[in-house]
Amino acid sequence: MTGTPNSQVFRFIGVARDNSKVKPTGDERAANRAALIIAIDGPSGAGKGTIARAVARRLGFHHVDTGAMYRALAWKALHESIDLTNEAAVSAVAERAEFDVIDGRVRVDGHDVSVAIRTPQMDAAASVVARQPAVRRALVERQRALAALGGVVMEGRDIGTVVFPAAHVKIYLDASPEERARRRATDPAHASGKGAAAIQEVATALAERDRLDRTRATAPLAVAEDAIVVDTTTLTIEEAVDSVMELIHQRHP
Ligand code: DC
């Protein structure tokens, strides 16, 4: 469980030098911090969105929601009446569409889809396109390009394992299935029914989506070897954000 050598990270931001043996100066440290990549992975309802946004705000970093990218792609493909299981057609959309999933915006080709993508139908649709290797190749390339933004808190399923295996800090957020279902069912940003029956319905759908995310052949949801697992089941949002901030400071004083 050691930190990632800076040399690997510098490769991502295109600075061609090996910084691992040289003590950085103050200016270099500031520049390095500005290019930090914090990867936050985990299943639905673990608190990734809320926590990643708050951490990005505290650090003055950009927040990137890669799940929103898969959702926006599914929305765009459906909008164009494309069969979601047609990998060639869906990945062609992934390659040509413009996605903006930074700092709370969710736009695809200029359309604001921030509300339209948070429905049970879009949960299922995003999961279908996220299983396709050609789609993942196209979107991962776009996600990597966002390192150029500088300090980034990127949330998803494979950020620490595939997108940025050399991310400076990797956090894996988790929570019990019951708590995750309760959060999802009561999330005002997510359209679903209310009450105990709705929670049960959400729990069933969530368990199935988790199973698909964990068992798919390409980039399954998994804990990166050097990730720190934070269980948020009994934590308030404030406590969870504080724990993640503390871990970031420990890894990157
Ligand atoms: O985090 P979310 O529920 O908005 O993600 C939507 C879907 O996209 C979900 O099925 C998981 C998938 N996803 C993924 O496969 N890889 C990512 N980096 C982010 C999300």
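Ligands are counted one by one from 1 in listed order, and the atoms in each one are counted from 1 as well.
Hydrophobic cluster membership differs between Tyr172 and Ile159, with clusters built from Ile, Leu, Val, Met, Phe, Trp and Tyr side chains linked at under 4.5 angstrom.
Annotation: atom 9 (C) of ligand 1 to nearest protein heavy atom, Arg209 NH1, 3.4 Å. Protein heavy atom closest to atom 8 (O) of ligand 1, with residue, atom name and distance, is Tyr70 CB, 3.6 Å. Nearest protein neighbour of atom 1 (O) of ligand 1, counting heavy atoms only, is Arg157 NH1, 2.8 Å. If you check which protein heavy atom lies closest to atom 4 (O) of ligand 1, you get Arg71 NE, 2.6 Å. Summary of contacts: the protein heavy atom closest to atom 12 (C) of ligand 1 is Ala130 CB, 3.8 Å. The protein non-hydrogen atom at the shortest distance from atom 18 (N) of ligand 1 is Asp158 OD1, 2.8 Å. Counting protein heavy atoms only, atom 19 (C) of ligand 1 is closest to Thr66 OG1, 3.4 Å.
By heavy-atom distance, the residue among Gly49, Ser44, Gly45, Gly67 lying nearest atom 20 (C) of ligand 1 is Gly67.
Counting heavy atoms under 4.0 Å from ligand 1, residue Gln143 does not touch it at all.
The side-chain contact (heavy atoms from CB on, under 4.5 Å) with Arg251 is formed by just one residue from the set Leu36, Ile171, Ile38, Val169; it is Val169.
Contact analysis puts Arg136 in contact with ligand 1, with a non-hydrogen atom separation below 4.0 angstrom.
To the nearest 0.5 angstrom, Asp226 atom CG is 10.0 Å from Thr161 atom OG1.
Residues that satisfy the ring-ring contact (aromatic ring centres under 6.0 Å, His included) test with His79, not counting sequence neighbours, are Trp75, His111.
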